[in-house]
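Below is one structure; the comments refer to it alone.
Side chains are part of it too, since the values below use all heavy atoms of this structure and drop only hydrogens, waters and symmetry mates.
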Number of protein chains: 2
Amino acid sequence: MSERQTTDRDALFELLDGELVGHLAAVVDGVPIVVPMGYARDGEHVLVHGSTGGGFALRAASERQVVAFAVTALDGLVFARSLFDSSMNYRSVVAYGVLEPVEGERADAALLALSERLMPGRADEVRATTCKEIAATRVLRLRLDDVVMKARAAGASEEPDDGEDHSVWAGVVPLGRRWGAPEPSVLTPAGTPIPDSVVALTTSTEPDDKLH
Amino acid sequence: MSERQTTDRDALFELLDGELVGHLAAVVDGVPIVVPMGYARDGEHVLVHGSTGGGFALRAASERQVVAFAVTALDGLVFARSLFDSSMNYRSVVAYGVLEPVEGERADAALLALSERLMPGRADEVRATTCKEIAATRVLRLRLDDVVMKARAAGASEEPDDGEDHSVWAGVVPLGRRWGAPEPSVLTPAGTPIPDSVVALTTSTEPDDKLH
């Protein structure tokens, strides 16, 4: 089977550390609610920004409801010689558990961890976070205990004797991320150098180093 | 407010037509379950491939449970002059409703629609789908009646008198998709030309035409 469930912890962390947005799902009045959220892995936890999801995530945390947090990387399209066998290469994880609020000094550290993950190095370039901002920060965390990871990472399925025409090209087209040219804000003076954090981001080869 | 809810139907269709994977959420035994799925918009419906999500989506359909289907495009990272104001530009939609099975001849058309959306032109290059394959195809559809779309598409938030150092660069780094070099399958004879569908995909500028 090319599609499989995996329990590889390194593969889990690589997936979580390589993506930027996940989807948080909770049950509200019997109906599933889903919200996309920026996140960062911090050791054995995933940190999410409560403010983005509004009351929904905070409520789920205070009611100690089980939520699901899903992260998916689409790694390529698989061109088989039939539509039926055509597929996608991907890695996905869904983590289940109860969200915990991260408060006080730990909220400051969590905000920093989120920033370091999403915009590495940026924290050194900007002013310090104020006490008022820390107080207004709503970070939640989910422990990576109950996780389901799946992946397909294989070529096109094909059989030598399946009667299909092998003169038709089959294979995989890998997919990655591309950063565009940075667009300065209105109040950034002309000639202000692009900061190291942005240069590092836009010239990063990961996860594109998997592309040939 | 730079972050807002929108009811623009064209923006909804543009988002759905520009992405490849969504997240389907349903409630199973009181717990939210999320599964990533390839999808295609077909007029006022979203088509999803039941086989990918296994029994979960089919069960939700047969029990006429309300599900949520979320599609998110991350369009860029927003570098403000504080971590607190740093953000992401994105577009997201969540559609709520009851999944309907697409059966018989309509399953054939739905499989073709999924293929044309995910791999435009590929259907003309491969053998026809067999009756057995059509019978094994599980396509579900969700009508786009109850949708919530949100978007942030703006520069870094900044105030002329907020006391922050404007000599620090602030702005947006746009994000797009990058296709890698196609990797032929084991049974594709050396020298087999890359088909038009793959050439079109890997040289497509959409949604990268938003990147400068």
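Separating the OG1 atom in B/Thr192 from the CH2 atom in A/Trp169 is a distance of 10.0 Å, to the nearest 0.5 Å. Within the model, atoms CZ of A/Arg178 and CH2 of B/Trp179 stand 13.0 Å from one another, a figure rounded to the nearest 0.5 Å. Note that CZ of B/Arg81 is 11.0 Å distant from CZ of A/Arg127, once rounded to the nearest 0.5 Å. If you take CE on B/Met37 and OG on A/Ser92, they are separated by 11.0 Å, rounding to the nearest 0.5 Å. The distance from the OG1 atom of A/Thr72 to the CG atom of B/Leu20 is 12.5 Å, given to the nearest 0.5 Å.
Among A/Val186, A/Val173, A/Thr130, the residue making the largest number of heavy-atom pairs under 4.5 Å with chain B is A/Val173. Between chain B and the options A/Ala156, A/Gly191, A/Pro195, heavy-atom pairs under 4.5 Å are most frequent for A/Pro195. For the options A/Val67, A/Val94, A/Leu77, heavy-atom pairs under 4.5 Å to chain B are most numerous at A/Leu77. Ranked by heavy-atom pairs under 4.5 Å with chain B, the first of A/Pro189, A/Pro182, A/Ser197, A/Ala170 is A/Ala170.
The backbone N or O of B/Leu187 sits less than 3.5 Å from a side-chain atom of A/Glu158, completing a donor-acceptor pair. In this structure, A/Arg122 contributes its side chain and B/Ser86 its backbone to no donor-acceptor pair below 3.5 Å.
With a 4.5 Å cut-off on non-hydrogen atoms, B/Val34 touches chain A through its backbone and its side chain both. For A/Val172, the parts lying under 4.5 angstrom from a heavy atom of chain B are both the backbone and the side chain. At a 4.5 Å heavy-atom cutoff, the contact between B/Thr202 and chain A is made by side-chain atoms alone. Using a 4.5 Å cut-off between heavy atoms, B/Phe69 makes no contact with chain A at all. Residue contact with chain A, scored on non-hydrogen atoms closer than 4.5 Å, is absent for B/Ile134. The parts of A/Val168 that come within reach of chain B are both its backbone and its side chain, each placing non-hydrogen atoms under 4.5 angstrom from that chain.
Residues meeting the salt bridge (Lys or Arg N to Asp or Glu O under 4.0 Å) test with A/Glu116, sequence neighbours left out: none. For B/Ala113, the side-chain contact (heavy atoms from CB on, under 4.5 Å) criterion is met by B/Leu47, not counting sequence neighbours. Looking at residues two or more places apart in sequence or on another chain, you find a side chain to side chain donor-acceptor pair (under 3.5 Å) between B/Gln65 and B/Glu63.
Using non-hydrogen atoms only and a strict 4.5 Å limit, the part of residues 24-32 of chain B facing chain A consists of B/Ala25, B/Ala26, B/Val27, B/Gly30, B/Val31, B/Pro32.
Taking both residues in full, the closest heavy atoms of B/His23 and A/Ala70 are given as CD2-CB, 3.9 Å, listed atom of the first, atom of the second, then distance. Taking all atoms of both residues into account, the shortest heavy-atom contact from B/Val78 to A/Met119 is O-CE, 3.0 Å. In terms of heavy-atom proximity, B/Pro174 sits nearest to A/Glu183 at CG-OE2, 3.5 Å. Nearest approach of B/Ser82 to A/Glu133, heavy atoms of both residues: OG-OE2, 4.1 Å.
In this structure, B/Tyr90 and A/Val21 have side chains that are not in contact, with every pair of non-hydrogen atoms separated by 4.5 Å or more. By the 4.5 Å heavy-atom criterion applied to side chains, A/Leu201 and B/Phe79 are counted as neighbours.
A side chain to side chain contact (heavy atoms under 4.5 Å, CB included) with B/Leu83 holds for exactly one of A/Asp108, A/Leu112, A/Leu114; it is A/Leu112.
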